[in-house]
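Working notes for the structure below.
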Amino acid sequence: MSDPNLHAIPLASDPGTDASSVEVLTQPSYTAQQLKRQAVLTVMAAFTLTFTGCGLNFAFGVYQELYESLGGPFEGVSPAQIDLIGTLGVSLMTIGAPFASAWTKAYGPCKVTLLGGTLFAAGNVFASFGTQLWHFILAQGVLLGCGTCLTYIPSVTVAPAWFDKRRGLALGIALSGTGVGGLVWAPTLRVLNSTFGFRTTLRITGGVSFFLICGSAFILKWDPESQRRNEMNAQNKFKIPLVNWNIARSRLFMIKAAAATLQAAAYYTPIYFFSSYARALGFSAVAGANFIAMSNGLSAAGKVVLGHAADRYGRLNILLICTLISSISILALWLPSSLLGSGAHVSAIFIVFTIIYGVTAGVYVSLFPTVLAEIFGVQHFASINGFLYMLRGLGTLVGTPVAGALIRNGSSSVSRLPSSFTSCITMVGVLLMVSSGAVLMVRLEVGKRTGAWRWKV
């Protein structure tokens, strides 16, 4: 049961306010300081959830490179087939968003997240007993993806309404957990795999993730006004809400949906193949894992710093700039590095690409929910975010395996040449460039909708 005191508290995301400036109109036992504390705790819980679930998914490149070099269950398996494991984990993280969002409203974020933590841990543990490729696809792919969905979606659904003025910064901090997680998990998994073997590593990560996710679940709560609305609609708790078709039919929504889907189709490919591509350039396996860690660490910093900049200079403006820069980095840096053979200059180009892509690409993930709330309104956020996250999941499910299939096979990731990645890189660059064009169209549409040009959007 929810706390009846919450009904007397105004929405923390009303225009011009945030959790730190909410005034308590009644119920003096529930103070503004308590609201501020809960808002901060919500961000911390969301950070821990993304650090654990998303961070481990984003570090799958370590397993990608390892599985490519193993025999046994992966004997004669192509990179695209192995990539399907990680792709399912990331795509199902958002494909199930309409269900996860609805269940979060109906049963509360705590119960949904606890279920997600259980599935996530089970996926890791079950995968550790896998003896055939399809065992890993079901456990480390499907089950892990469903568990991640039930931890990630509650956090990004609940957190935005606690803030308004600092929403970009708050979501940047919360979702920087994906980057920090990748920064920590990638080298950790590499050390654990080399020390204990990947099976024991999967069991260890299963136990640690269960503790972190379930601990965060008890902190995650709805803001007061959202809690009130959810209770008013409690009679519909078994109904999966459809997208708001009045909004979905609009030109603005369709363009936004196209931009989100295309960006997701391309975004994860570099992250998954950083390690394999580094090996093709002649780097060691340890260095390959460090590339994943560096990219994720830079992504975390970019989400926080650029999230703060978005609050100041316009969230849609920063989203457009970062999407465009990430697409240019693919075509101007990563693509040439695959065509120039090998050598110190090629390695330097790839390092520069890793830095630029790491800082800018992940900003789309953190600003995506804040831009949705700003364009379509906080009151419509829950009715459209699940659908758009589902589209992003479908984009990932199609785009990443296709990109992996375009990589020409060598006998292993060590013997593969950089030129084997050229077609894959070209596809990713084109998808991100088209997505940038769609974001630009959204920016122009929003400008026209206001009736007068505003530079800060």
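For clarity, every value in this text was computed on a predicted model and none was experimentally measured. Counting begins at 1 with the first residue of the sequence.
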Return yes if some donor-acceptor pair links the side-chain N/O of S299 with the main-chain N/O of V359 below 3.5 Å, else return no. no
Can a donor-acceptor pair be found, under 3.5 Å and without considering hydrogens, that links the side chain of S338 to the backbone of L335? yes
Show, in sequence, the C-alpha distance, side-chain angles and deciding distance for N124 and R203, and conclude whether the side-chain hydrogen bond (donor to acceptor under 3.5 Å, both in side chains) test is met. CA-CA 6 Å; N124 278 284; R203 293 161 195 162; over 6 Å; no
Quick check: closest heavy atoms across I425 and I330, and the distance to 0.1 Å? O-CG2, 3.5 Å
List the steps and the verdict of side-chain contact (heavy atoms from CB on, under 4.5 Å) for L202 and Y63. CA-CA 10 Å; L202 285 167; Y63 287 109; 3.5 Å; yes
Counting only N and O atoms by type, is there a donor-acceptor contact under 3.5 Å from the side chain of W222 to the main-chain atoms of T104? yes
Exercise: identify the closest heavy-atom pair between V62 and A186: CG2-O, 3.6 Å
Between F368 and Y389, does the ring centroid distance fall short of 6.0 Å? yes
When you compare the side chain of F421 with that of L339, does any pair of heavy atoms fall below 4.5 Å? no
How many angstroms lie between OG1 in T400 and OH in Y268, if you round to the nearest 0.5 Å? 8.5 Å
Got Y364 and T360 here, is their nearest side-chain heavy-atom distance under 4.5 Å? no
Is there a side-chain contact between Y67 and I85 (heavy atoms, below 4.5 Å)? yes
Heavy-atom closest pair (T113 atom, I213 atom, distance to 0.1 Å) is O-CG2, 3.7 Å
Can R392 be said to sit on top of F387's aromatic six-ring, NZ or CZ under 6.0 Å from centre and within 45° of the ring axis? no
Between atom CZ of R312 and atom CD1 of I318, what is the distance when rounded to the nearest 0.5 Å? 11.0 Å
Set out, in order, the CA-CA distance, both residues' side-chain angles and the distance that settles side-chain contact (heavy atoms from CB on, under 4.5 Å) for C322 and L306, then state yes or no. CA-CA 9 Å; C322 290; L306 294 173; 3.5 Å; yes
Once you round to the nearest 0.5 Å, how far does CG of L119 lie from OG of S209? 11.0 Å
Side chain proximity check, I356 to S326, heavy atoms < 4.5 angstrom: no
More than 12 heavy atoms of other groups within 6.0 Å of H135 NE2: yes
Is there side-chain contact between L252 and F376, with at least one heavy-atom pair below 4.5 Å? yes
State whether the side chain of T94 and the backbone N or O of A97 hold a donor-acceptor pair below 3.5 Å, judged by distance alone. no
May I ask you to decide if the ring planes of F47 and F51 are parallel, tilted or perpendicular, using 30° and 60° as cut-offs? parallel
Set out, in order, the CA-CA distance, both residues' side-chain angles and the distance that settles side-chain contact (heavy atoms from CB on, under 4.5 Å) for L394 and I95, then state yes or no. CA-CA 6 Å; L394 292 172; I95 285 178; 3.8 Å; yes
Report the distance from atom OG1 of T354 to atom CG of L298, rounding to the nearest 0.5 Å. 9.0 Å
Might you work through the side-chain hydrogen bond (donor to acceptor under 3.5 Å, both in side chains) test for T370 and R315, ending with a clear yes or no? CA-CA 7 Å; T370 69; R315 292 152 190 164; 4.9 Å; no
Would you check, one step at a time, whether the test side-chain contact (heavy atoms from CB on, under 4.5 Å) holds for I349 with L340? CA-CA 10 Å; I349 292 173; L340 296 176; 3.9 Å; yes
Is T148 close to I153 at the side-chain level, that is, under 4.5 Å between some pair of heavy atoms? no
In this structure, is the centre-to-centre distance between the rings of F283 and Y277 below 6.0 Å? no
Is the backbone of V363 close enough, under 3.5 Å, to the side chain of K303 for a donor and an acceptor to pair up by distance? no
Fit a plane to each ring of F198 and F136, take the angle between them on a 0 to 90° scale, and name the class: parallel (under 30°), tilted (30 to 60°) or perpendicular (over 60°). tilted
Please say whether more than 12 non-hydrogen atoms of neighbouring residues, nucleotides or ligands are located less than 6.0 Å from CE in M44. no
Classify the ring geometry of F274 against W334: parallel below 30°, tilted from 30° to 60°, perpendicular beyond 60°. tilted
S327 side chain to L324 main-chain N or O, any donor-acceptor pair under 3.5 Å? yes
Distance check, rounded to the nearest 0.5 Å: L41 atom CG versus T48 atom OG1? 10.5 Å
Treating S176 as the side-chain partner and I173 as the backbone partner, does any N or O pair qualify as donor plus acceptor under 3.5 Å? yes
Contact summary for S155 and L49, nearest pair of heavy atoms: CB-CD1, 4.0 Å
Got K256 and V371 here, is their nearest side-chain heavy-atom distance under 4.5 Å? yes
Identify the residue among T201, T200, T188 that makes a side-chain hydrogen bond (donor to acceptor under 3.5 Å, both in side chains) with N193. T201
Test item: N296 and V180 side chains (from C-beta on) under 4.5 Å apart, heavy atoms: no
Could you tell me whether the side chain of S435 and the main chain of A259 form a donor-acceptor pair under 3.5 Å? yes
Separation between CG of L432 and CE of M427, rounded to the nearest 0.5 Å: 10.0 Å
Quick one: does S276's side chain have a donor or acceptor within less than 3.5 Å of a partner on F273's backbone? no
Heavy atoms of F218 and C110 approach each other most closely as CD2-SG, 3.8 Å
Residue pair S91 / G393: nearest heavy atoms and the distance that separates them: CB-O, 3.1 Å
